[in-house]
Participant: 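Here it is: the structure, laid out below.
Indexing begins at 1, ligand by ligand and atom by atom, following the structure's order.
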Amino acid sequence: MEKQPRLLSSKLVHKQRQVEVVLNSRILAWKEIESSRKRGSGLNDTSGTAHSRGVQVCEILAVQKTEEDESTNTRSQKKAKQYSLLYAHSFTVFYVKRTRQHQWRCSEVTFHCASQGLCEQWIQVIAEQLSLLANRPKSLLVYINPYGGKQCGQSIYEQKVAPLFHRACISADVIVTEYANHARDHLKTEANLDKYDGVVCVGGDGMFSEILHGLVSRTQTDHGVDQNQPDAVLVPCSLHIGIIPAGSTDCICFATIGTNDPVTSALHIIVGDSQPMDVCSVHHNNVFLRYSVSLLGYGFYGDVLTDSERKRWLGPARYDLSGVKTFLSHNFYEGTVSFLPAEDTMGNPRDKLRCRSGCHVCQHKPSSKDNQWEMSEEKEKFDKGDSSDWNVIHGKFIAINAASMSCACPRSPKGLSPSAHLADGTADLILVRKCSRLDFFRHLLRHTNKDDQFDHSFVEVHRVRKFRFQPQHQEPVSLEDLSETPKKTGFSPMCSAQTNCNYSSIHSSWNCDGEILPHTAIQVSVQCQLIRLFARGIEEQQPHCVFEDPCTLQALEPH
Ligand SMILES: CCCCCCCCCCCCC/C=C/[C@@H](O)[C@H](COP(=O)(O)O)NC(=O)CCCCC
Ligand SMILES: Nc1ncnc2c1ncn2[C@@H]1O[C@H](COP(=O)(O)OP(=O)(O)O)[C@@H](O)[C@H]1O
Ligand SMILES: [Ca+2]
């Protein structure tokens, strides 16, 4: 590891002990001074090994002069007050601390200095280092859905998130949505996006979907790209999206961070994490319908969603009730699925290569030029009827699911497709053929345990770049507006019109990230890394970052 020059190094006091504190461009580290412990220096001297501790500069959230009365509550703090006459000036560094199961918390460490000048110097030098972290957002546009999940979005934001943004000196313009699609339309046409470094969504996957549509559509309009062209090369969005989970499933947050915890999400936003993500574009007969980042599900998940929309008043529990009801109905649907498989180099859905922070598979992004050429050649072939690269499967299916990422969520911690990748330009297409109720139950159960949900004779899974679905029976053409999801208002069923038709027993509906699509015949194309989230992918479990690690020790080595 390359040795970094020291920016500042001083003898300060931490928890009534003298410590040597060192800052370089990567690490802030401190270590108790052995000799002072032995000699005694008026400071508490407890025996035991001196720990070197440290925090990475990129995980420091803020540095502040310590508030005077902050240190007089507990006994030890009163004691600290006594010697604080000697070391009267102090500063506090706030940093990311990893706790259990991918959760992050804001922790703090206070150092006392012998002079005001030294204290100010430390604050200034640390603040300077933070200002060099160019990917950190300074100004955010926040949309809150007050009706998502358990309807706590607003209080979650005000109590858990806003104080952290304030501490990190991030300014936020907050819009509490007043109706469905408020956020989407505001982003599409009104918002002055030049003012912001990112957009934050407080809500569930449906609310995220609004932000996604607003931002992607706005970007395409600004660049003159026609979204109705299934082969259009879409322009990636420049603004990052942050998700504060306050919905019912919150799968996009869970699968990109590893937990559904508002504080953890807020901290990932503050440190300016960046996670690229694939987006599926969905068309019907060359008319754009919607984008999807998590689940596109026909059959079981479409029926669960349709039924659950009538039970929205139940909150997140609606999915459990509708899940049981749909399971008991045991419907299957006939149709033809055609797909363009991904190259073998993209791995396969049954390998055990999980997409984790810094995923190597996702780092091999094909250049958009290659992609464009490849795609137009394939389209030409498909249109001419030369579909040799395409696989075609006709059958009766209980479920057809396309997952462009794992879709892990608290109901299914490894997800619908545990090895799907967030940003590899592919989706995993899962076909569950007609089978007995018991067999389908066994398959569903495997979403909740360690067993392989694809290891069933009636299940097949393919890694694809594109796919199409054609239901066996023609769908009626009378469905209102082709490009719009049916209108939603307040707490009335949000997706009603399209599913109340009497053809529902032969057709299911597509569940597109929690929204019902108005068509069953669709063409889907995975757009590689179209958006970026304030996330870093799920981290491999790591030891606590403020104990002895090589970087910390190196920072403390004498120069
Ligand atoms: C015997 C027990 C079987 C349990 C099986 C559970 C399998 C769950 C897989 C869930 C995949 C979820 C994919 C994400 C979908 C969301 O986009 C969507 C909308 O979320 P939100 O806006 O936050 O409400 N959620 C759903 O469609 C709910 C599916 C739940 C099915 C039980
Ligand atoms: N103010 C509002 N009133 C009614 N619906 C809204 C409002 N704001 C957003 N929505 C819609 O609510 C739906 C569900 O939102 P979401 O935050 O995903 O919650 P949940 O996870 O509980 O479904 C989304 O489709 C979104 O378009
Ligand atoms: Ca993917």
Side-chain angles (χ1 to χ4, degrees), residues 143-151 153 175-184 201-211 213 243 245-255 260 276-280 292-297 300-306 308-309 312 315-316 318-324 326-327 342 346 355 361-362 401-417 420-428 440-449 453 463-465 485 488-492 494-495 511-516 526-529:
Y143 294 98
I144 304 176
N145 175 3
Y147 301 119
K150 295 181 182 158
Q151 303 183 43
I175 297 178
V176 179
T177 61
E178 289 166 19
Y179 46 88
N181 291 328
H182 181 172
R184 183 198 67 181
C201 145
V202 185
D205 294 337
M207 187 59 188
F208 175 85
S209 180
E210 277 201 30
I211 307 294
H213 284 82
I243 309 175
S248 299
T249 312
D250 296 322
C251 127
I252 302 160
C253 178
F254 194 95
N260 284 343
M277 272 189 74
D278 296 338
V279 175
C280 288
S292 160
V293 290
S294 60
L295 166 69
L296 258 170
F300 184 72
Y301 289 104
D303 294 351
V304 170
L305 184 67
T306 301
S308 71
E309 286 295 322
R312 205 156 241 289
R318 69 190 185 279
Y319 290 134
D320 302 317
L321 204 67
S322 298
V324 172
T326 307
F327 170 76
M346 300 311 294
C355 186
V361 176
C362 293
N401 299 323
S404 51
M405 57 157 170
S406 72
C407 293
C409 61
R411 280 189 179 80
S412 172
K414 60 182 180 158
L416 285 177
S417 191
H421 289 271
L422 288 167
D424 64 342
T426 76
D428 289 353
F440 187 51
F441 181 74
R442 286 193 182 118
H443 168 66
L444 281 183
L445 197 61
R446 289 186 181 187
H447 290 82
T448 63
N449 61 32
Q453 63 257 54
R463 187 152 287 173
V464 307
R465 290 204 176 275
T485 304
K488 299 181 286 183
T489 44
F491 263 72
S492 59
M494 291 195 176
C495 325
N511 173 341
C512 177
D513 292 357
E515 304 293 312
I516 302 275
V526 189
Q527 310 283 328
C528 189
Q529 306 191 3

Participant: In the structure I gave you, are the side-chain heavy atoms of Ile252 and Met405 within less than 4.5 Å of one another anywhere?
Facilitator: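 Yes. Closest side-chain heavy atoms under 4.5 Å.
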
Participant: Mark yes or no for whether Thr448, through its side chain, and Ser412, through its backbone, hold a donor-acceptor pair below 3.5 Å.
Facilitator: no

Participant: Below a 4.0 angstrom heavy-atom separation, can you tell me which part of Asp205, side chain or backbone, both or neither, approaches ligand 2?
Facilitator: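 Backbone only.
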
Participant: Ignoring hydrogens, just give me the one of Pro316, Gly206, Gly203, Gly153 whose non-hydrogen atom is nearest atom 24 (C) of ligand 2.
Facilitator: Gly206

Participant: Could you tell me which residues satisfy salt bridge (Lys or Arg N to Asp or Glu O under 4.0 Å) with Asp428, sequence neighbours excluded, listed by chain and number?
Facilitator: Arg463

Participant: Of Cys201, Gly204, Ser209, Ser248, which has the heavy atom at the shortest distance from atom 20 (P) of ligand 2?
Facilitator: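 The residue whose heavy atom sits nearest atom 20 (P) of ligand 2 is Ser248.
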
Participant: For the Ca ion (ligand 3), report each protein N, O or S atom nearer than 3.0 Å, sorted by chain and then by residue number.
Facilitator: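 Counting only protein N, O or S atoms under 3.0 Å from the Ca ion (ligand 3), the list reads Asp278 OD2, Ser404 O, His421 O, Asp424 OD1, Thr426 O.
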
Participant: Side chain or backbone of Lys150 under 4.0 Å from ligand 2, or both, or neither, by non-hydrogen atoms?
Facilitator: neither

Participant: How are the rings of Phe327 and Phe440 set relative to one another: parallel (under 30°), tilted (30 to 60°) or perpendicular (over 60°)?
Facilitator: parallel

Participant: Between Ser406 and Lys414, is there a side-chain heavy-atom distance shorter than 4.5 Å?
Facilitator: no

Participant: Would you name the heavy atoms of Gln529 and Cys362 that are closest together and state the gap between them?
Facilitator: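 Heavy atoms only, the tightest pair is NE2-O, 3.0 Å.
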
Participant: Counting heavy atoms only, which of Leu305, Asn145, Asp513 is nearest atom 12 (O) of ligand 2?
Facilitator: Asn145

Participant: Can you list everything that forms a side chain to side chain donor-acceptor pair (under 3.5 Å) with Ser404? Sequence neighbours excluded, please.
Facilitator: none

Participant: For ligand 1, list all ligand N or O to protein N or O distances below 3.5 Å, rounded to 0.1 Å.
Facilitator:
| residue | atom | partner | partner atom | Å |
| --- | --- | --- | --- | --- |
| ligand 1 | 17 (O) | Asp205 | OD2 | 3.2 |
| ligand 1 | 20 (O) | Asp205 | OD2 | 3.3 |
| ligand 1 | 20 (O) | Thr249 | OG1 | 3.1 |
| ligand 1 | 22 (O) | Asp205 | N | 3.2 |
| ligand 1 | 22 (O) | Gly206 | N | 2.9 |
| ligand 1 | 23 (O) | Asp205 | N | 3.2 |
| ligand 1 | 23 (O) | Ser248 | N | 3.4 |
| ligand 1 | 23 (O) | Thr249 | N | 2.8 |
| ligand 1 | 23 (O) | Asp250 | N | 3.3 |
| ligand 1 | 24 (O) | Tyr319 | OH | 2.6 |
| ligand 1 | 25 (N) | Thr249 | OG1 | 3.0 |
| ligand 1 | 27 (O) | Asn511 | ND2 | 2.8 |

